[in-house]
Amino acid sequence: MRSISLSTGISRATLHDWREHPFSTNPRAVCPRCAPSRLLPEPQADYAYLFGLYLGDGCISRASTRDKDVWKLRIICADAWPGLRQECAQAMSDVRPLSKVRTRQLPGCTEVISCSRHWPCLFPQHGPGRKHMRKIELQPWQRTIVTANAGRFARGLFHSDGYRGINRVRAQLADGDHWYEYPRYLFTNESADILRLCGEALDQLGVAWRYSRRNSISVARREAVAQLDEFVGPKY
């Protein structure tokens with residue numbers, strides 16, 4: 001199935017639906033939030049990851065005239081991490097399997113883009129202006145997904161506005177200066193609400209964290225870094 005997906009551009013999730021339900025309409029072609037019986041977006045783990053990316057480096061804007069009511073989801077991915085860009089594109093495709101995913105090259109980064117009428121339904125945090133200038137709150141149905149997939153949500157956040165690297169600290173001792181190195185994670189965002197959501201996800205994972213600055217969360221304890229490595233790890 002993977003080879004078919006690569007050769008046709010159709011996501012594996014869509015191919016799986018066609019194989020399992022060959023004579024029925026693909027249920028995920030319809031927005032789960034607009035259906036008469038509202039459902040949660042599927043796959044939930046991919047939605048949680050994409051939601052984290054959107055809160056960090058994503059935006060939603062009109063892709064057409066108001067009468068067509070089509071919206072464009074764009075996630076900015078640095079070219080230094082091609083694996084992250086591919087994972088972003090796959091998550092977009094899996095959440096909206098009938099919406100084509102394309103890329104647009106920019107200096108030093110790539111926009112991953114998907115158009116659909118329903119991106120504002122799936123990401124109700126969409127609104128005018130920058131995210132840190134408006135209130136960002138989870139809908140109850142989003143909290144259900146994020147709580148059940150805190151690791152994937154944290155992965156999306158750290159893949160967008162996060163960093164895993166080596167911190168170097170100098171200690172002045174009697175016999176001279178000593179340098180200590182240790183790995184740590186940083187998540188930086190100007191929105192206090194998005195920082196709070198990151199902290200809540202880390203709490204759910206049992207990962208110790210603290211504010212290193214007003215706009216930055218640090219995970220630096222050895223055991224906490226090891227725990228977060230299970231869900232995030234370095235960008236790739």
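Heads up: numbering here begins at 1 and tracks the sequence.
Residues L157 and Y163 fall into different hydrophobic clusters, defined by Ile, Leu, Val, Met, Phe, Trp and Tyr side chains chained together at heavy-atom separations under 4.5 Å. Grouping the Ile, Leu, Val, Met, Phe, Trp and Tyr side chains by contacts below 4.5 angstrom, directly or via other members, places I113 apart from V101. Note on Y236 and V232: separate hydrophobic clusters, where clusters join Ile, Leu, Val, Met, Phe, Trp and Tyr whose side-chain heavy atoms are under 4.5 Å apart, directly or indirectly.
Distance check: D193 CG to K131 NZ gives 12.5 Å after rounding to the nearest 0.5 Å. Distance OG/S116 to CG/D69: 10.0 Å, rounded to 0.5 Å. If you take CD on Q142 and CD on Q139, they are separated by 6.0 Å, rounding to the nearest 0.5 Å. Separation of atoms CD1 (I75) and SG (C109) is listed at 12.5 Å; rounding is to 0.5 Å. Atom CG of L106 and atom CD1 of I76 lie 6.0 Å apart (nearest 0.5 Å). For the atom pair NZ (K100) and OG (S93), the distance works out to 11.5 Å, reported to the nearest 0.5 Å.
L55 has its side chain within reach of F153: a pair of non-hydrogen atoms, C-beta onward, lies under 4.5 Å apart. Counting heavy atoms from C-beta on, the side chains of L50 and F123 come closer than 4.5 Å. Using a 4.5 Å heavy-atom threshold, the side chains of R117 and C34 count as separate. Within the 4.5 Å cutoff, the side chain of V219 has heavy atoms near those of the V225 side chain. Residues Y185 and L202 are not in side-chain contact: their nearest non-hydrogen atoms beyond the backbone lie 4.5 Å or more apart. Contact check for R33 versus H118: no side-chain heavy atoms found under the 4.5 Å cut-off. No side-chain heavy atom of P32 sits less than 4.5 Å from a side-chain heavy atom of E42. Between T103 and Q105, the closest side-chain pair of non-hydrogen atoms is not below 4.5 Å.
The minimum heavy-atom distance between L205 and G151, with the atom names listed, is CD2-N, 3.7 Å. Nearest approach of C115 to V70, heavy atoms of both residues: CB-CG1, 4.0 Å. Between V112 and M92, the shortest heavy-atom contact is O-CE, 3.2 Å. Shown here for S191 and I136, the closest heavy-atom pair between the two residues is OG-CG1, 4.2 Å. For the residue pair P41 and L122, the shortest heavy atom distance occurs at CG-CD2, 3.8 Å. A pairwise comparison of heavy atoms in C31 and R96 identifies CA-NH1, 3.9 Å as the closest pair.
When W119, Y54, W71 are each tested for a ring pair (Phe, Tyr, Trp, His ring centres under 6.0 Å) with H126, only one passes: W71.
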Please assess S212 against L186 for the test side chain to side chain contact (heavy atoms under 4.5 Å, CB included), listing each intermediate value before the final yes or no.
CA-CA 9 Å; S212 57; L186 288 176; 3.9 Å; yes
Determine, step by step, whether N215 and T188 satisfy the side chain to side chain contact (heavy atoms under 4.5 Å, CB included) criterion, reporting the C-alpha distance in whole Å, the side-chain angles of both residues, the deciding distance to 0.1 Å, and the verdict.
CA-CA 6 Å; N215 64 344; T188 303; 3.8 Å; yes
Test R164 against D229 for side chain to side chain contact (heavy atoms under 4.5 Å, CB included), laying out the working first.
CA-CA 9 Å; R164 185 195 188 279; D229 279 343; 2.8 Å; yes
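Shown here are the side-chain contact (heavy atoms from CB on, under 4.5 Å) partners of A208, two or more places apart in sequence or in another chain: R221, A224. In this structure R222 satisfies the side-chain contact (heavy atoms from CB on, under 4.5 Å) test with no other residue, sequence neighbours excluded. Remark: S61 pairs with K72, R74 by the side-chain contact (heavy atoms from CB on, under 4.5 Å) rule, at least two apart or across chains. The salt bridge (charged side-chain N to carboxylate O under 4.0 Å, His left out) test applied to E190 returns R214, not counting sequence neighbours. Every salt bridge (charged side-chain N to carboxylate O under 4.0 Å, His left out) that R143 has, sequence neighbours left out, goes to E200. Residues satisfying the side-chain contact (heavy atoms from CB on, under 4.5 Å) test with E181, not counting sequence neighbours, are I166, R168.
Ring geometry, Y47 versus W141: the interplanar angle falls from 30° to 60°, so the pair is classed tilted. H159 and Y49 have perpendicular rings, their planes meeting at more than 60° on a 0 to 90° scale where under 30° would count as parallel. Aromatic ring orientation, Y211 versus W209: perpendicular (interplanar angle above 60°, classes split at 30° and 60°).
Using modelled atom types, no side-chain atom of R184 and backbone atom of S218 make a donor-acceptor pair closer than 3.5 Å.
Using modelled atom types, one finds no donor on one side chain facing an acceptor on the other under 3.5 Å when comparing W81 with D79.
Heavy-atom contacts from other residues, nucleotides or ligands closer than 6.0 Å to CZ of R196 number more than 12.
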